[in-house]
Amino acid sequence: MAKIQPPKGTRDLYPLEAARRRWLCERWRAVAIRHGFEEVDGPTFETTDLYAVKSGEGILGELFQAFSGKDPREVEQIREGRPAPYALRPEFTPTLARMYAQKARTLPAPCRWFQIGPFFRAERPQRGRLREFLQWNVDLLGDASERADAEIIACCIAFLESCGLTSEQCTVRVCDRDVLAEVLEEVGLRDERAQEAALRVLDKRGKVPPDVLHRLASEAGFDIEQFDALCIKRSRSADVQGRFADLDPHWIRWDWSIVRGLAYYTGTVFEVVADGERAVAGGGRYDNLIELFGGPPTPAVGFAMGDVVISLLLQDKGLMPDEKELLDEIGARPDAFVLSADPALDDRVNSVLRDLRHAGLHARRTSRQTRNVGKLLKEASQQHAKAAVILESLEEASVKWLDAAGKQERVPIAELVAYLLSHARSDGSGPRA
RNA sequence: GUGGCCGUAGCUCAGUUGGUCAGAGCACCUGGUUGUGGUCCAGGAUGUCGCGGGUUCGAAUCCCGUCGGUCACCCCA
């Protein structure tokens with residue numbers, strides 16, 4: 001039988017990778033909760049119509065479409081080349097807007113929500129971009145103030161800092177669609193379509209040589225030098241200067257080339273950028289989207305961060321914890337590895353194992369035949385167990401702590417659970433000297 | 001959707017102009033007979049050389065196709 005390969009752009013997560021994913025998600029979650037956001041989630045697939053609301057053409061092409069196959073009309077629909085009735089969610093915002101609109105009357109205002117889960121885009125995979133990925137969405141609905149923008153950005157920065165990233169390694173580039181629109185008007189672009197074309201050009205800044213940028217701008221009907229001059233003047237304005245005064249200025253940089261696509265942003269837009277990687281996170285204000293989804297007019301601001309790029313960045317900077325730290329942080333390190341050199345104590349190993357587990361401890365034993373204590377200790381430390389429990393007799397054990405100090409103590413088996421629990425409570429790394 | 005590069009054991013790769021080229025290291029498994037931890041010995045398993053077709057006396061090696069990976073473009077909600 002031919003080998004069945006995983007679908008393009010997906011990942012198989014073996015224990016170490018799965019531990020990394022859990023570590024990342026738990027860190028996302030912890031930061032969001034600490035900042036006062038509540039976790040929500042929606043379905044991983046929605047009706048295709050939901051995604052068609054705000055954008056008819058391009059986006060639909062990169063949706064993973066789905067249908068139940070139970071309804072002949074669905075099958076017919078596909079056969080005729082029309083979009084399938086469902087689509088795997090490519091982003092969370094439409095779901096969020098739908099959920100909020102449904103219950104807007106009963107929800108507190110402002111509403112602070114975050115979500116973590118898988119998303120899907122039928123794109124061609126490349127560095128930092130896969131077809132299935134995890135995303136962390138943080139949104140603040142019902143607060144039009146600039147402070148709300150700042151809070152969202154603060155949450156994002158807090159996460160970066162908690163990973164050990166510094167403002168030398170990545171920065172938050174901020175811009176404002178309204179301000180951009182005003183400047184574009186000043187250079188003579190009044191109607192929306194012309195401005196959209198101009199934004200497309202501005203997005204190219206840094207990706208194409210200056211002369212090409214100049215030419216593209218001319219084709220879009222404006223002069224890039226004039227635009228830049230106006231931006232410089234604007235940059236000195238109180239509006240730009242005073243913005244986000246509460247945030248650590250090291251992280252924040254105003255950047256006129258941040259336009260965040262052309263989608264639904266209305267005011268502040270921002271991206272977390274790092275050298276050599278595509279955007280680590282992105283977000284902004286979307287004040288008319290909830291209304292678009294049938295809800296009451298509701299100002300909103302939020303951002304999303306994918307797991308792919310941030311993982312690459314942490315990997316590159318050496319900030320991804322090693323296996324032991326990962327297991328430690330997600331609480332997956334064995335508390336005890338039970339062994340004995342004496343085959344006659346095999347049954348006792350099992351009963352001790354049972355007692356430890358019953359007490360809520362993570363306990364393991366070898367599944368190998370050897371009674372070679374050296375090998376078993378090696379196995380224990382390879383599994384990053386905190387302690388090895390070496391049974392000496394039916395009543396007594398030696399507990400060897402598998403940290404650098406390697407302290408070892410004789411403990412009656414009857415007191416083993418209490419002994420291990422007391423040390424697990426302290427700091428998990430063994431007895432204090 | 002378009003283009004560049006790549007595809008040999010679980011992993012990283014070697015394989016010279018087609019002719020002992022099916023290999024190395026790491027990892028893994030089993031021991032080292034009475035017991036102290038990642039770097040020690042000794043053994044061991046593992047590959048339709050991505051897949052399919054073609055050229056040839058002979059293909060991991062050359063050609064075509066295909067699938068997958070990767071990087072870039074488009075796009076980035």
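Just so it is clear, the model here is predicted, and its values are computed rather than measured. Naming: A, B, ... by sequence-line order, numbering from 1 per chain.
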With the side chain defined as heavy atoms from C-beta on, A:L377 is closest, among B:rA77, B:rG37, B:rG38, to B:rG37
Answer for the Watson-Crick or wobble partner of B:rC11, both distances under 3.5 Å, is B:rG25
Every protein N/O within reach of nucleotides 25-33 of chain B N/O, cut-off under 3.5 Å:
residue, atom, partner, partner atom, Å
B:rU30, OP2, A:R368, NH1, 3.3
B:rG31, N7, A:K375, NZ, 3.0
B:rG31, O6, A:K375, NZ, 3.0
B:rG32, N7, A:K375, NZ, 3.3
B:rG32, O6, A:K375, NZ, 3.2

The Watson-Crick or G-U wobble partner of B:rA59, with both key distances under 3.5 Å, is none
From the candidates B:rC75, B:rG38, B:rG35, the one with an atom nearest any side-chain atom of A:V373 is B:rG35
Sorted by number, residues from residues 78-100 of chain A placing a heavy atom under 4.0 Å from RNA chain B are A:P90, A:E91
The answer to which of A:D342 and A:A385 contacts RNA chain B further toward the 5' end, by nearest nucleotide, is A:D342
Side-chain atoms of A:K204 come closest, of B:rG68, B:rC75, B:rG35, to B:rC75
*asked:* Could you check whether A:R333 and A:Q383, counting side-chain N and O atoms only, form a donor-acceptor pair closer than 3.5 Å?
replied: no
Across the strands shown, which category fits A:R121 at heavy-atom distances under 4.0 angstrom: base, sugar-phosphate, nothing? base
Cation-pi check, A:R112 onto A:F37 ring (under 6.0 Å, within 45° of axis):
yes
Rounded to whole Å, the CZ-C1' distance (A:R333 to B:rG37) equals 13 Å
*asked:* I want to check a possible cation-pi pair here: A:R89 against A:F119, using under 6.0 Å from ring centre and within 45° of the ring axis as the test.
replied: yes
In whole angstroms, the gap separating C1' of B:rC75 from CZ of A:F120 amounts to 20 Å
* To do: Any chance you could lay out the side chain to side chain donor-acceptor pair (under 3.5 Å) test for A:E132 and A:T10, step after step, and finish with the verdict?
  => CA-CA 6 Å; A:E132 180 185 27; A:T10 62; 5.6 Å; no
Can you name the atoms? Protein N/O to nucleotides 70-73 of chain B N/O, anything below 3.5 Å, with the distance.
residue, atom, partner, partner atom, Å
B:rC71, OP2, A:R127, N, 2.8

* Ignoring hydrogens and angles, are the base of B:rG37 and the side chain of A:E379 linked by a donor-acceptor pair under 3.5 Å? -> no
Under a 3.5 Å limit on both distances, the Watson-Crick or wobble mate of B:rC73 is B:rG1
| message | Show, in sequence, the C-alpha distance, side-chain angles and deciding distance for A:W28 and A:F114, and conclude whether the ring pair (Phe, Tyr, Trp, His ring centres under 6.0 Å) test is met. | response | CA-CA 9 Å; A:W28 275 344; A:F114 80 94; 9.9 Å; no
The Watson-Crick or G-U wobble partner of B:rG35, with both key distances under 3.5 Å, is none
